[in-house]
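Any value given below was found using the heavy atoms of this structure, including those in side chains, with hydrogens, waters and symmetry copies removed.
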Amino acid sequence: QCGQLKRGSLSIHAETCLWKCFHCGAHGGIFDLVAGYAGIDAKKDFQRTLGIAATIAGVPHGIPNEDYSKLLEEHRAKRAAQSAAEAARRDRIRARMPLIWNSLDRRQLTGEGYLRDRNIDPAFLFEHDAVRYSKHGDPAVRLHDLATGNLTGIQYRMLRGDSKLLAQPGSQTAGACLLGRLAKLEEACVAIIVEGLADTLVARMLWPEATIFGAAGAEQLETLGAAVGAVVARRRGILLIVPDNDDVGVKNTARAVIA
């Protein structure tokens, strides 16, 4: 597809499969040639390029048919084993979260000073065990699994470095929330959903009788809205959502309301 091609306008090295078009100067490997033939980008659509190459070679799956089923089964078994091992590793780490939480400081001068500077009362939070601190003073808040209420992670407000928020390695963030538990909501009738660690602590102070659910990121607001909203509706209670005043927060809050 390169103008009026003539004999000798393209060469392919038999051993390396490298090629060059002397008409336009294009060159590359065998998959670049196949992608050029199909009019696609080999890097952006490699799977399709590989399939076309296999079809050209007369090999429907890229390998002989008699080996394909065996290879596919081995691949699936390997992926399943890897997934099971990763799930077991996460479970072991999350099982240690209560121990990690209990090892954190309940009082810390640097961390409490940071909270006071933001008009957050550390004494109130200490009384309700709503916050703890790393050895450097980074405030920490529990992450609870929405379904079980188990402590499955810890999020820190970092006082140093470029990252403001950091989760304890192995923490569950998807399907989890800061501070609140659905079981606690069953005992009350007012739920507050906020976004972020600092707002979670502020809400805990402002609404001491309510159950506070902090979203560990704006993308978690929709999940929280669906889970908390279902309980509030059943209890005929009150649900207040207080997002960050930015485009991401507003958009995700709209999804939470719909959910």
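Closest non-hydrogen pair, Phe31 versus Ala42, comes out as O-CB, 4.0 Å. Of all heavy-atom pairs spanning Leu18 and Gly29, the tightest one is CD2-CA, 4.1 Å. Looking at every heavy atom in both residues, Leu239 comes nearest to Gly229 through CD2-CA, 4.0 Å. Scanning all heavy atoms of the two residues, the minimum distance from Thr49 to Ala35 falls at OG1-CB, 3.9 Å. Scanning all heavy atoms of the two residues, the minimum distance from Gly137 to Leu159 falls at O-CD1, 3.4 Å. When all heavy atoms of Val131 and Pro139 are compared, the closest pair comes out as CG2-CB, 4.0 Å.
A cation-pi geometry, defined here as NZ or CZ lying under 6.0 Å from the six-membered ring centre and within 45° of its normal, holds between Arg106 and Phe126.
For CG of Asn102, the number of neighbouring non-hydrogen atoms (other residues, nucleotides, ligands) closer than 6.0 Å is greater than 12. Within 6.0 Å of the NE2 atom in His128, the count of heavy atoms belonging to other residues, nucleotides or ligands exceeds 12. More than 12 heavy atoms of other residues, nucleotides or ligands sit less than 6.0 Å from atom CG of Leu206. Other residues, nucleotides and ligands place no more than 12 heavy atoms under 6.0 Å from the CZ atom of Arg96.
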For this session: Run the numbers on Asp129 and Arg132 for salt bridge (charged side-chain N to carboxylate O under 4.0 Å, His left out), then give the verdict.
Result: CA-CA 7 Å; Asp129 196 20; Arg132 294 199 178 184; 3.0 Å; yes
Problem set entry | Residues His144, Leu151; criterion side chain to side chain contact (heavy atoms under 4.5 Å, CB included); working and verdict | CA-CA 5 Å; His144 293 284; Leu151 195 165; 4.3 Å; yes
Exercise. Given the rule in the side chain to side chain contact (heavy atoms under 4.5 Å, CB included) test, do Val194 and Phe213 qualify, once you have shown the distances and angles that lead to the verdict?
Worked result: CA-CA 6 Å; Val194 296; Phe213 296 88; over 6 Å; no
For this session: Quick one: do Asp32 and Val34 satisfy side chain to side chain contact (heavy atoms under 4.5 Å, CB included)? Show the steps, please.
Result: CA-CA 6 Å; Asp32 297 305; Val34 171; over 6 Å; no
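Using a distance-only test at 3.5 Å, with no hydrogens or angles considered, a donor-acceptor pair links the side chain of Arg204 to the main chain of Pro208. A donor-acceptor pair under 3.5 Å is absent between the side-chain atoms of Arg236 and the main chain of Val232, judged by distance alone. Using modelled atom types, no side-chain atom of Arg181 and backbone atom of Leu146 make a donor-acceptor pair closer than 3.5 Å. The main-chain N or O of His136 is found under 3.5 Å from a side-chain atom of Arg160 such that the two form a donor-acceptor pair. At least one donor-acceptor pair closer than 3.5 Å links the side chain of Gln108 to the backbone N or O of Gly111. Judged by distance alone, the side chain of Asp41 and the main-chain N or O of Lys43 form a donor-acceptor pair under 3.5 Å. For the pair Trp19 (side chain) and His27 (backbone), a donor-acceptor distance under 3.5 Å is absent.
At a threshold of 4.5 Å between side-chain heavy atoms, the hydrophobic network of Ile, Leu, Val, Met, Phe, Trp and Tyr places Met158 and Leu201 in two separate groups. When the side chains of ILVMFWY residues are joined at heavy-atom separations under 4.5 Å, either directly or via intervening members, Val250 and Leu240 end up in two distinct hydrophobic clusters. Using a 4.5 Å cut-off between side-chain heavy atoms of Ile, Leu, Val, Met, Phe, Trp and Tyr, with links allowed through other members, Leu182 and Ile241 fall into the same hydrophobic cluster. Phe124 and Leu109 are members of different hydrophobic clusters when ILVMFWY side chains are connected at heavy-atom separations under 4.5 Å. Tracing side-chain contacts under 4.5 Å through hydrophobic residues (I, L, V, M, F, W, Y), one never reaches Leu224 starting from Val248; they form parts of separate clusters.
Put simply, the side chain of Val242 does not reach to within 4.5 Å of the side chain of Ile193, judged on heavy atoms. Put simply, the side chain of Val141 does not reach to within 4.5 Å of the side chain of Ile154, judged on heavy atoms. In this structure, Tyr114 and Ile120 have side chains that are not in contact, with every pair of non-hydrogen atoms separated by 4.5 Å or more. Using a 4.5 Å cut-off on side-chain heavy atoms (C-beta onward), Met97 and Thr152 make no contact. Taking the side chain as every heavy atom from C-beta outward, Thr211 and Val190 never approach each other to under 4.5 Å. For the pair Gln155/Ser171, no side-chain contact is recorded, criterion being any heavy-atom separation below 4.5 Å from C-beta on. Between Ser134 and Tyr156 there is a side-chain heavy-atom pair separated by less than 4.5 Å.
The structure places CG of Leu143 at 9.5 Å from CH2 of Trp101, a figure rounded to the nearest 0.5 Å. The CG atom of Asn245 sits 10.5 Å away from atom CD of Glu195, with the distance rounded to the nearest 0.5 Å. Once rounded to the nearest 0.5 Å, the distance linking NZ of Lys135 with CG of Leu104 reads 11.5 Å. Note that CG of Leu115 and CE of Met205 are 9.5 Å apart. Values are rounded to the nearest 0.5 Å.
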Output side-chain donor-acceptor pairs under 3.5 Å for residues 216-223, partner residues at least two apart or in another chain, one line each.
residue, atom, partner, partner atom, Å
Gln220, OE1, Gly175, N, 3.4

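Residue Asp199 forms a side-chain contact (heavy atoms from CB on, under 4.5 Å) with just one option from Ile192, Ile212, Asp244, Leu178, and that option is Asp244.
Evaluation of the salt bridge (charged side-chain N to carboxylate O under 4.0 Å, His left out) test over residues 142-159, restricted to residues two or more places apart or in two chains, returns none.
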